[in-house]
Amino acid sequence: MKKFLMLVLCLLLVISSATVLTASEKSFFLTLAHNLAEDHAVHIAMMAWADAVNEKSDGSITINIIPNGQLGSEADCVSQIQAGQLEMTKVSAGTLANFAPAWNCVSVPYVFRDKEHLYNVMNGEIGKDLYKLTEKDNFIGVAWLESGTRCFYTANNAIRKPADLKGLKIRTMDSQMAIDMMNAFGGSATVMGYSDIYTGMQQGVIDGAENNITALRDHADVTKFYCYDEHTMIPDVIVISSKVWNDMSDNQKKIMNETASAMIENYKTLWANFEEEVKAQVAGKVEYVTDVDKTAFQNAVKPVYETLKKSEPETFKFVERIQAAN
C-alpha cells in the first residue's frame, strides 16, 4: 500500500509538472491583415498555414486572417503593428524598405538569376538576416512567399528592349528603387495606387505598368502586350510584432517556423497553378511578348548598382551576398 501511495504521488508530481509546463505557454489570438482578395493564392496559402499552426500548437496559437485591405494599406497595417493594434500583416518587401533600406536588396533589378536562386536565398541565412532588420521598428519577418516575376505590360506598345520604353509613362510602386529602375530603362515612372491602374491605362494617363502576370486578372481589358523582361522578383513577407514573438515559448516559435517552411514549399505549386489559371482567364485578350532582349535590360540597370554601392553600402552588401549565393 505504501509503495502504491508513493507511486500515485510520483504520478501526480509528473502530471503537475507537465501541467505547469503547458500552462507556461501563453495563448495567442493573432490578427493577420492583408490587402489581397480571398481567392488569391497568397490568402489561400496563409489560411492553410493558420490551420496548421492552430493544429500543431494544440490551439494555443490562433491566426485570424482579414483580407481585402479591410484594415488599410500595407503601410497602415505595419503602423498598426507598431502601435500594438495589430499582430501580423503581409507586405511586399518593397514596403519594408521604407523601414529598413537594406530590404531594397531584393528589389534590385536582376539581382536574382531565377526562381531557384530566389528560394535558396530567402530560405537561407540571407533571408534570416533580412527578417531581423526591422526588429528596431518593433516587428520582424517570420515567413515569405513568392510574388511572381515582375514584367512590363502596356496598352499599345510592345516592349522588347529598353529603348521601347522611351517616352512611356509606366506605373510603378511607391519605391525609389522602382523609380530609379525606370529612369535607367529610359521610361517615365508614374507612382499611383494599384486600384488606379485600370482607369489610368484606359484614359491614357499611363501607358502601362509593371507587375507579375496575375495583375492581368484586373487589367487584361486595357492591356494589349505583356512583355517578359522579368526585371524583378520581389517577395511578399509576413511580419509579426516583436513583442508577440518574444512572448511566445521556444516550442511555439518552432511551430511557427516549421509550419511556415512547409507553407513556403507547398506554395510553389499553388503559385504556379494560380499563374496558369490567370492565363486561361485572359486567353485571347493579351499578346505575350517573349522575344525580349534581357541582356540589354540588364546592362541598362548597371548604373543602379553603382549608385547603390555609393549611397547605400549596407544594402549593396546584401546585394553582393545574394549574387554570390548558389
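Basis for what follows: all heavy atoms, side chains included, without hydrogens, waters or symmetry-related copies. Please read all numbers here as calculations on a predicted model, not as lab measurements.
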Check the orientation of [X] and [Y]. Use parallel for under 30°, tilted for 30 to 60°, and perpendicular for over 60°.
X	Y	answer
F297	F185	perpendicular
H43	H34	tilted
W271	F274	perpendicular
F99	F139	perpendicular

So which atom in [X] and which in [Y] form the shortest heavy-atom distance, rounded to 0.1 Å?
X	Y	value
C227	C151	O-CB, 3.0 Å
L118	M233	CD1-O, 4.1 Å
S147	N212	O-ND2, 3.0 Å
V111	C105	CG1-O, 3.5 Å
T259	W49	OG1-NE1, 2.9 Å
I61	M248	CD1-CE, 4.2 Å

Quick one: do [X] and [Y] make a salt bridge, cutoff under 4.0 Å?
X	Y	answer
E320	K317	no
D250	K254	no
D236	K90	yes
E125	K128	yes
R217	D39	yes

Is the [atom1] atom of [X] crowded by more than 12 outside heavy atoms at less than 6.0 Å?
X	atom1	result
N326	CG	no
K56	NZ	no
K136	NZ	yes
D174	CG	no
K268	NZ	yes
E116	CD	no
K253	NZ	yes

Quiz prompt | Inter-residue atom distance K310.NZ - E306.CD, 0.5 Å rounding | solution =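 These two atoms lie 6.5 Å from each other.
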Quiz item: What distance separates M192 CE from I197 CD1, expressed to the nearest 0.5 Å?
Solution: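 So the gap between those two atoms works out to 7.5 Å.
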Practice problem: Give the C-alpha distance, both sets of side-chain angles, the deciding distance and a yes or no for side-chain hydrogen bond (donor to acceptor under 3.5 Å, both in side chains) between Y194 and D218. | Solution: CA-CA 10 Å; Y194 182 85; D218 303 315; 2.7 Å; yes
Hey, does [Y] have a side-chain heavy atom less than 4.5 Å from the side chain of [X]?
X	Y	answer
L145	M46	yes
F28	E87	no
I238	M88	yes
I63	N54	no
R150	M173	yes

Practice problem: Check each of D293, D229, D291 against R160 using the salt bridge (charged side-chain N to carboxylate O under 4.0 Å, His left out) test, and report the only one that passes. | Solution: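 Of the listed options, the one satisfying the test is D291.
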Quiz item: Would I234 and L36 show up in the same hydrophobic cluster when neighbours are defined by side-chain heavy atoms closer than 4.5 Å?
Solution: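 No: no chain of side-chain contacts under 4.5 Å links I234 to L36.
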Exercise. Determine, stepwise, if the pair Q80 / T31 fulfils side chain to side chain contact (heavy atoms under 4.5 Å, CB included).
Key: CA-CA 11 Å; Q80 290 172 51; T31 298; over 6 Å; no
Please determine, by modelled atom types, if [X] and [Y] share a side-chain donor-acceptor pair under 3.5 angstrom.
X	Y	answer
N138	S242	no
S249	E25	yes
D196	T199	no

Exercise. Just do the side chain to side chain contact (heavy atoms under 4.5 Å, CB included) check on N157 and L168 with the steps written out, would you?
Key: CA-CA 9 Å; N157 305 79; L168 299 187; 3.9 Å; yes
Quiz item: Given V91 and W103, is the side chain to side chain contact (heavy atoms under 4.5 Å, CB included) satisfied, shown in steps?
Solution: CA-CA 12 Å; V91 298; W103 263 109; over 6 Å; no
Quiz item: Could you go step by step and tell me if N123 and W144 meet the side-chain hydrogen bond (donor to acceptor under 3.5 Å, both in side chains) rule?
Solution: CA-CA 9 Å; N123 286 335; W144 75 281; 2.9 Å; yes
Quiz prompt | Passing option when H231 is tested against Y110, F152, F112 for ring-ring contact (aromatic ring centres under 6.0 Å, His included) | solution =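 So the option named by the test is F152.
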Practice problem: Apply side-chain hydrogen bond (donor to acceptor under 3.5 Å, both in side chains) to the pair S107 and N104, showing each step before the final yes or no. | Solution: CA-CA 5 Å; S107 298; N104 265 325; 4.7 Å; no
Quiz prompt | Candidate pair T223 and T154, rule side chain to side chain contact (heavy atoms under 4.5 Å, CB included), full reasoning | solution = CA-CA 5 Å; T223 297; T154 58; over 6 Å; no
Quiz item: Do Y119 and E146 pass the side-chain hydrogen bond (donor to acceptor under 3.5 Å, both in side chains) test, and can you show the C-alpha distance, the side-chain angles, and the key distance before you say yes or no?
Solution: CA-CA 8 Å; Y119 273 86; E146 177 189 347; 2.8 Å; yes
